[in-house]
Amino acid sequence: MSGRKSHRSSNTLVDLIHIIAYSKPPLSHDPTTASPSFKHCRATTPGTTAYLFGGKMTSQSAKTLLTLDAEAVASLKEGINFNKSQEDGKCYIIYKNNDGLRACKNQCKHQGGLFIKDIEDLDGRTVKCTKHNWKLNVSSMKYVNLPDSFLQDELDVDILDDGGLQLVELSPMDPWLADPREPQELQEGEVKVTYMTHACMEVQLGQKRFMFDPWLIGPAFARGWWLVHEPPADCLDQMCTADFIYISHMHSDHLSYPTLKVLSDRRPDTPIFVGDTSRPVFWALEQSQVKLTNINVVPFGVWQNLDEHLRFMILMDGVHPEMDTCIILEYKGHMILNTVDCTRPNGGRLPEKVDLMMSDFAGGVSGFPMTFCGRKYNDSWKAGFIKNERKKLLNYKAQLVKSLEPRIYCPFAGYFVEAHPSDRYIKDTNVKNKAEDLNALINKTAPDIKTWTPKPGAVLDLGLALKDPTNSAAITNPPANAKIYKDSWDFDLYVDELNSAIGSEIFRHRRWIQFYYTWAGFQNYNLVVRMIETDDDFEPIADSYDYLVDFMDLSYPAKRPDRDHAYVEVKNRIGVMRSVVLHGRLWDDLYIGFQNRISRDPDVYHHKFWNHFQTELPFRKPDWDQFLQQVPAIEEPETQSSCKLS
């Protein structure tokens, strides 16, 4: 290839609007205490950790520029709003319409002039610079005079729990532009991308092999998710001989401890890279009993040089910066962008015209609304909601790909199925997008972008595909007799392991309830939750626990209190719930894993409650040895039925 290729940034044209099962503000825990296996290099900024492989370290940071309270947010009018920071007097523009909010600095990119209302604008979308009369369409962040001159740098709009908002700026905004490299021609076979399963890809770059998110065996989210595809027979060997592994975040369809147990047994010193998230990716490594000795935490937005031609950069998610990450690989000036599960990667600013882009596509990853019951949550309402959400996600992904103009696009990270027989209802109800449908939409709206719908073992030769996108030799499909879809999952092995928690000594004593929720540390919130242990069909079990927790004062009443309060009833499969309690796991195993059924009065999402139990539980599991020591020796074990409500 010849000529300079653009990797400039893009403000995405459409923001995804959908139900997010978990919205997660930054945590206050110190990630350096999470695991002794982490490698860090203390950066100049307090609280920032990194592991340097080469190059100058300038970690990307997020700065809050403007904060508005709920009243100020409610007073924002449709169209253009000018807002000034009370702290430093700087001005910002917020544009409001039915799709949400967009924001930018009140500063022209030409020569820094201030914008004012454009009296010639009849649609309420443009502002005019006071210096040279340049005009900016704030609804699209494009300059209309001079046309095609700039894109305005957009700020993240973070909605707060109390209804307020913050405008946040990433710095640097386009970190991949640091130290640009001229693309060199790729030879046949020099860069190969092999699809394994779900979010797992192997990328050969010269003499090095990089693997993404190896979930190759076992379930994810307790027993709720199982692999759709049968990965290649040599997938575990390929993982154990990879030069580098990237794990995007802590969810178990990306951080698979059953898979990594194989790696720890065979090659525990494999270099593994994770982003410097405030909730460390490997926060539960110690209790997992998986021994990995080369986990490297790297700063966001910094090139990490692996050899003369190969480097990578990890970016944070704009919606979930404390957890989700994505990655850019660059080899000889050619970029591969993998946005993984990020809702708004890098705040919506991503490099354009990369050689290969990969992203999730399927949807259906939330407990809402499939696990909800009562009120409006009948099968008809759920079907309509899911259909609408699928359509919005499909259109958003297609528009995003079209706006970024990658040479090649591959949808992945969505190939899972609720395969266990007890989850047949979820499987039938939780209809997901198909990769083929997304690629068909992209082919229709952006025909110049080559799309690839991968099958396990299929290989993309990037050099051949870039030289001639029509070259059939650029993609090698798996052999005709290769097994593509799984038809067995070894259910009993993993379900029995979960159910082994049922007979734990701690559950013979009712006091475990108080001990557990005290450890969890959530209170001063006017919510009463009824927790009911059930069988696989969500029917009550004899001699199981059925109890109330009042999170206002962390008490455990026999009946609902007389005061006005919100109420949530949660039925949990006993094996999964007790395993979560025993090991101090996050409640994603219950919620995203479809292992509970939820009803609520009123029908309101309690963000603080779910956010705490899904992201903010302590790093270390409850000290059950201490609990058992506290139980009086003469105390007879209490029957579990004593916890039931009358």
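Scope of the values below: all heavy atoms of this structure, side chains included, with no hydrogens, waters or symmetry mates.
- Residue pairs satisfying the salt bridge (charged side-chain N to carboxylate O under 4.0 Å, His left out) criterion with at least one member in residues 231-257, sequence neighbours excluded, are listed as follows: D237-R266.
- Within the structure, salt bridge (charged side-chain N to carboxylate O under 4.0 Å, His left out) contacts touching residues 217-227 (residues at least two apart or in different chains) are R223-D536.
- A salt bridge links E405 with K353; the closest basic N to acidic carboxylate O contact falls under 4.0 Å.
- Remark: F416 pairs with W225 by the ring-ring contact (aromatic ring centres under 6.0 Å, His included) rule, at least two apart or across chains.
- When the side chain to side chain donor-acceptor pair (under 3.5 Å) test is applied to K192, no partner is found at least two apart in sequence or on another chain.
- Here Q626 pairs with F515, D623, Q630 under the side-chain contact (heavy atoms from CB on, under 4.5 Å) rule; sequence neighbours left out.
- In terms of the side-chain contact (heavy atoms from CB on, under 4.5 Å) criterion, residue partners of S288 (sequence neighbours excluded) are, by chain and number, Y257, L285, V290.
- Ring-centre distance between Y525 and H612: not below the 6.0 Å cut-off.
- To the nearest 0.5 angstrom, Q60 atom CD is 8.0 Å from M313 atom CE.
- Every residue two or more places apart in sequence or in another chain that forms a side-chain contact (heavy atoms from CB on, under 4.5 Å) with V168 is listed here: A62, T64, D156, D158, Q166.
- In this structure, the ring of F522 has its center no less than 6.0 angstrom from the ring center of Y517.
- Side-chain contact between L101 and L165 is present, with heavy atoms from C-beta onward closer than 4.5 Å.
- With sequence neighbours left out, the ring-ring contact (aromatic ring centres under 6.0 Å, His included) criterion links H583 to no other residue.
- Looking at N572, L586, D589 one by one, the single match for side chain to side chain contact (heavy atoms under 4.5 Å, CB included) with V580 turns out to be D589.
- The distance between the ring centers of F244 and F210 falls below 6.0 angstrom.
- Residues in residues 204-214 take part in these salt bridge (charged side-chain N to carboxylate O under 4.0 Å, His left out) pairs, two or more places apart or across chains: E202-R209.
- Residues forming a side chain to side chain donor-acceptor pair (under 3.5 Å) with D461 (at least two apart in sequence, or on another chain): none.
- By the ring-ring contact (aromatic ring centres under 6.0 Å, His included) test, W519 is found to be paired with Y516, residues two or more places apart in sequence or in another chain being considered.
- A donor-acceptor contact under 3.5 angstrom links the side chains of D341 and H254, judged on distance only.
- Evaluation of the side chain to side chain donor-acceptor pair (under 3.5 Å) rule for S579 yields R585 as partners, not counting sequence neighbours.
- Of the options K621, K291, R620, a salt bridge (Lys or Arg N to Asp or Glu O under 4.0 Å) to E286 is made by R620 and by none of the others.
- Between Y195 and the choices Y415, F412, W452, the ring pair (Phe, Tyr, Trp, His ring centres under 6.0 Å) rule is met once, by Y415.
- Put simply, the side chain of S85 never gets that close to the backbone of K90: no donor and acceptor are under 3.5 Å apart.
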